[in-house]
Amino acid sequence: MPLSRLNPEQLQAAKAPFGHNLIIASAGTGKTSTIVGRIGYLLKEGVKPEEILLLTFTNKAAAEMVERVAGYFSKEVATRIEAGTFHAVSYRWLKKMDRQIILKQPSELKTLFRSIYDKRQFHHLQAEGQPFSANFLYDLYSLYQNATMEDFESWLNRRHEGQEPFIEIYLDIIREFEETKESYGFVNFNDLLILMREAVKESELPFKEVLIDEYQDTNELQGSMIDAMEPPSLFCVGDYDQSIYAFNGANINIIGSFTKKFADAKVFTLTKNYRSTAPILSLANRVIEYNERIYPKQLEVVRQGNAQMPKLLIFDNLLQQYETIAHMIRRSTTPHKEIAIIFRNNASADGVEAMLREQGIACKRKGGRSFFDAKEVKAALDIATLIANPKDMMAFIHIFEYAKGIGSATAKELFEGLITLGDGNMLEGIFHPKSMTNPFKTRSTNYQLGLFDHPTQIGSVSRFAHLGLDENFMAHPILKHPSLNADGVRFIYDFFKLAKDLKAKKQPVSIIRTILSSATYGFIIEQLARKRATLKNGEIDEAKKDEALDRIKRKGGLLVQLANAYNTLEKFINAMVLGGKELSEGEGVNLLTVHASKGLEFSEVYIIDLMDGRFPNRKLASQAGQIEEERRLFYVAVTRAKDLLYLSYAKYDSFKDTNFMPSQFLYEAGLLKKDQTFEKLKALSDH
DNA sequence: ATTAATCCAGTTTTT
DNA sequence: CTGGATTAAT
């Protein structure tokens with residue numbers, strides 16, 4: 001039974017009566033065990049698994065807890081619990097409610113946003129100052145949606161001075177963006193929560209209790225979604241000192257004002273730290289004490305006995321730092337999967353990884369960046385997306401832009417032509433065009449006579465007769481597009497053939513396999529490989545090209561493996577968007593950002609690049625309240641360590657030719673003696 | 001108007 | 001090294 005393994009504090013929390021319960025669980029106090037215990041308690045009390053909603057910060061965390069529940073009960077029971085991130089759960093429920101939504105990658109929607117932004121004119125307002133760029137405006141609007149319930153205009157005016165002249169245009173861009181998004185059925189991460197918030201008001205949800213993990217990182221949007229659900233019972237677990245998602249709208253006041261919000265609120269505090277040795281904990285506490293306290297912190301060390309003191313490592317050079325740490329890891333007796341290297345920003349990862357590789361040490365990096373951002377992976381997924389959602393114009397454009405002579409404009413026209421021919425369904429437009437006539441409107445700005453030798457040939461398919469392609473295909477009205485060349489026609493031919501092959505397939509694996517072996521995909525990766533093997537002088541290095549192709553093929557293999565785990569294409573594609581970043585590649589030493597390290601623990605931890613400006617991030621630290629968040633980040637990083645902790649920094653980066661001062665946190669931790677440098681740094685962050 | 005080629009800046013953190 | 005912006009070519 002999960003309850004029997006809890007200490008009295010944890011047990012009391014796990015057996016809390018229904019109502020509004022807040023569990024303050026500092027780092028390493030058995031938060032997960034308590035949640036699992038609570039679920040066990042609920043099940044024992046007769047709550048059905050499907051009446052439990054468990055919201056976590058990552059899907060991996062949800063899966064882990066479900067697995068632990070499965071260990072105590074059964075897999076059958078555990079998997080009936082509704083568990084996942086706010087986003088994943090919202091998506092599942094919206095689908096269950098039969099909502100036609102297509103979740104798109106943020107970068108995709110940014111492109112759409114930019115295209116709408118670019119239609120607007122700003123130059124008549126030149127005297128009024130500089131308007132935000134499309135990218136910045138998108139991010140700002142996204143943050144706004146997460147962070148507050150007030151209207152965008154007042155929020156923006158409060159936060160950014162001098163933007164009033166542009167606000168009307170901004171609002172117009174946003175309006176059109178929202179409309180366009182809706183017309184395509186696209187949603188982004190925020191929309192999932194917003195739609196869910198609306199949906200729960202109308203339908204009865206079965207949940208008797210909602211459990212929320214990492215409650216300190218809940219933002220206003222997520223909070224409002226919970227409010228809208230009005231669950232009969234809440235079980236929120238968090239730690240004020242580990243709130244590190246302010247950039248995403250996380251508001252520590254949500255956890256801070258819990259008792260004010262709910263009159264019947266009960267607060268339980270877990271104080272016994274089982275994870276770290278005394279010196280590690282005391283270091284963490286020394287630093288976090290610099291933040292103003294909301295709750296008193298009274299961590300008790302459970303672990304006794306000899307412990308290694310945390311060590312400060314100082315290097316002259318950045319690379320020397322990475323190299324030495326790689327050395328230390330090679331000589332360490334700790335199993336590599338129990339070792340983590342933690343950094344503030346991803347930029348640190350490449351250098352470390354290279355040095356580890358050099359010494360033959362395998363490492364594991366949270367994937368995504370490298371894998372899902374690769375063009376070859378995107379292309380394969382775009383094709384798959386198009387089969388699942390024939391309405392997805394953006395996917396269509398991305399694929400057809402690979403064809404010679406077809407750019408985004410022509411691709412868009414082709415798509416719209418197919419939509420017309422297929423009565424709203426692109427695939428129908430391919431297979432059963434409803435008419436054989438030219439679907440393209442003649443342009444207002446027609447080509448001037450003379451550009452072509454024979455005006456009668458414009459749109460005449462006869463110019464492609466020499467290709468010797470299938471007669472039926474040549475009759476397809478889409479080929480009447482005036483700006484197509486032979487390469488374009490060939491590409492379309494290959495794509496039609498692929499679409500036909502895919503039509504009969506249902507399993508994601510076989511769909512992906514078919515895509516990977518298609519002529520269309522072959523053409524795309526050939527182009528990518530050639531580009532990657534092109535030297536400065538324009539020549540193509542054949543050996544390099546083969547290597548590139550090899551890497552591409554390997555990624556394809558991985559994609560097949562991933563697809564194997566899903567039985568519908570839609571689920572597969574969605575999982576790639578929603579959870580793609582959570583996949584990690586490789587085995588061995590863990591390379592993590594502080595954010596990614598949240599909730600994990602390791603025997604041996606290296607926190608690197610502890611230089612002023614990088615950690616804390618100086619650009620941010622100058623903003624109000626941000627140095628506190630940076631300090632919480634440091635606290636999170638330190639408390640990942642169980643036995644051994646190394647903190648390191650380098651004085652000089654020879655690539656960028658910059659000198660660094662140590663992070664102020666090293667002074668606060670007592671690892672460096674407070675001197676003028678510290679006073680200077682502190683003054684900087686206190687602005 | 002559109003596409004293709006070339007140049008240039010930039011890099012926090014995540015669902 | 002990428003992605004966006006600018007510029008040259010069709």
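Everything quoted here is computed from the prediction, not taken from an experiment. So you know, we letter chains A, B, ... as the sequences are listed, proteins then strands, and number each from 1.
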Write down the protein N/O and nucleotide N/O pairs, taken from nucleotides 6-11 of chain B, whose separation is under 3.5 Å; answer none if there are no such pairs.
none

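Applying the side-chain hydrogen bond (donor to acceptor under 3.5 Å, both in side chains) criterion to A/T148, with sequence neighbours excluded, gives no partner residue. Every residue meeting the side chain to side chain contact (heavy atoms under 4.5 Å, CB included) condition with A/D350, not counting sequence neighbours, appears here in chain and number order: A/R365. With sequence neighbours excluded, the residues satisfying side-chain hydrogen bond (donor to acceptor under 3.5 Å, both in side chains) with A/Y652 are A/D657. Residues forming a side-chain hydrogen bond (donor to acceptor under 3.5 Å, both in side chains) with A/S133 (at least two apart in sequence, or on another chain): none. Looking at residues two or more places apart in sequence or on another chain, you find a side-chain hydrogen bond (donor to acceptor under 3.5 Å, both in side chains) between A/D392 and A/K104. For A/E570, the salt bridge (charged side-chain N to carboxylate O under 4.0 Å, His left out) partners at least two apart in sequence or on another chain are A/K95. Under the rule for a side chain to side chain contact (heavy atoms under 4.5 Å, CB included), the partners of A/F177 that lie at least two apart in sequence or sit in another chain are A/L109, A/L112, A/F113, A/I116, A/Y138, A/K181.
Backbone-only engagement by A/Y245 is indicated by non-hydrogen atom pairs under 4.0 Å involving sugar-phosphate atoms exclusively. Note on A/K531: nothing from the nucleic acid sits closer than 4.0 angstrom, heavy atoms only. Heavy atoms of A/N345 sit under 4.0 angstrom from primed sugar atoms or phosphate atoms, though from no base atom.
Summarising the geometry, the separation between CG on A/L592 and P on B/dT13 is reported as 13 Å, rounded to the nearest angstrom. Going from atom NZ of A/K119 over to atom C1' of B/dA1 covers 17 Å, rounded to whole Å. For the pair A/I397 CD1 and B/dT2 P, the computed distance is 12 Å after rounding to whole Å. Computed from coordinates, the A/K404 NZ to B/dA4 P distance equals 7 Å when rounded to whole Å. The nearest whole Å value for the distance from the CG atom in A/L600 to the P atom in B/dT14 is 13 Å. The interatomic distance linking A/N574 (CG) with B/dT15 (C1') rounds to 12 Å, in whole Å. Protein atom CG of A/D487 is 14 Å distant from nucleotide atom C1' of B/dA4, rounded to whole Å. Going from atom CD1 of A/I627 over to atom C1' of B/dT12 covers 14 Å, rounded to whole Å.
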Please tabulate, for side-chain N and O atoms in residues 396-406 of chain A, each donor-acceptor pair with protein atoms closer than 3.5 Å (sequence neighbours left out).
| residue | atom | partner | partner atom | Å |
| --- | --- | --- | --- | --- |
| A/H398 | NE2 | A/E108 | OE1 | 3.2 |
| A/H398 | NE2 | A/E108 | OE2 | 2.6 |

Solution key, residues 485-495 of chain A side-chain donor-acceptor pairs under 3.5 Å, sequence neighbours excluded:
| residue | atom | partner | partner atom | Å |
| --- | --- | --- | --- | --- |
| A/N485 | OD1 | A/D487 | N | 3.1 |
| A/N485 | OD1 | A/G488 | N | 2.7 |

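Phosphate contact (OP1/OP2 of B/dT13, side-chain N/O of A/N346, threshold under 4.0 Å): present. Residue A/T593 places at least one side-chain N or O under 4.0 Å from the OP1 or OP2 atom of B/dT14.
For DNA chain C, the outermost nucleotides in 5' to 3' order that have an atom under 4.0 Å from a heavy atom of chain A are C/dG3 to C/dG4.
Set against B/dT14, B/dT2, B/dT15, the side chain of A/A409 has B/dT2 as its closest nucleotide. Of the listed nucleotides (B/dT14, B/dT15, B/dT12), B/dT15 has the atom at the smallest distance from the side chain of A/T58.
The 5' end of DNA chain B is approached more closely, in terms of each residue's nearest nucleotide, by A/A403 than by the other of A/H595 and A/A403. When the nearest nucleotides of DNA chain B are assigned to A/E401 and A/A88 by heavy-atom distance, the more 5′-ward of the two goes with A/E401.
At a non-hydrogen distance threshold of 4.0 Å, nothing from residues 135-149 of chain A comes into contact with DNA chain B.
Between A/F572 and A/Y566, the ring-plane angle classifies as tilted under the 30° and 60° cut-offs.
With A/N291 contributing its side chain and A/I288 its backbone, the two residues share no donor-acceptor pair below 3.5 Å.
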Intermediate values then yes/no, salt bridge (Lys or Arg N to Asp or Glu O under 4.0 Å), A/K110 and A/D139: CA-CA 9 Å; A/K110 253 186 185 174; A/D139 290 338; 3.1 Å; yes
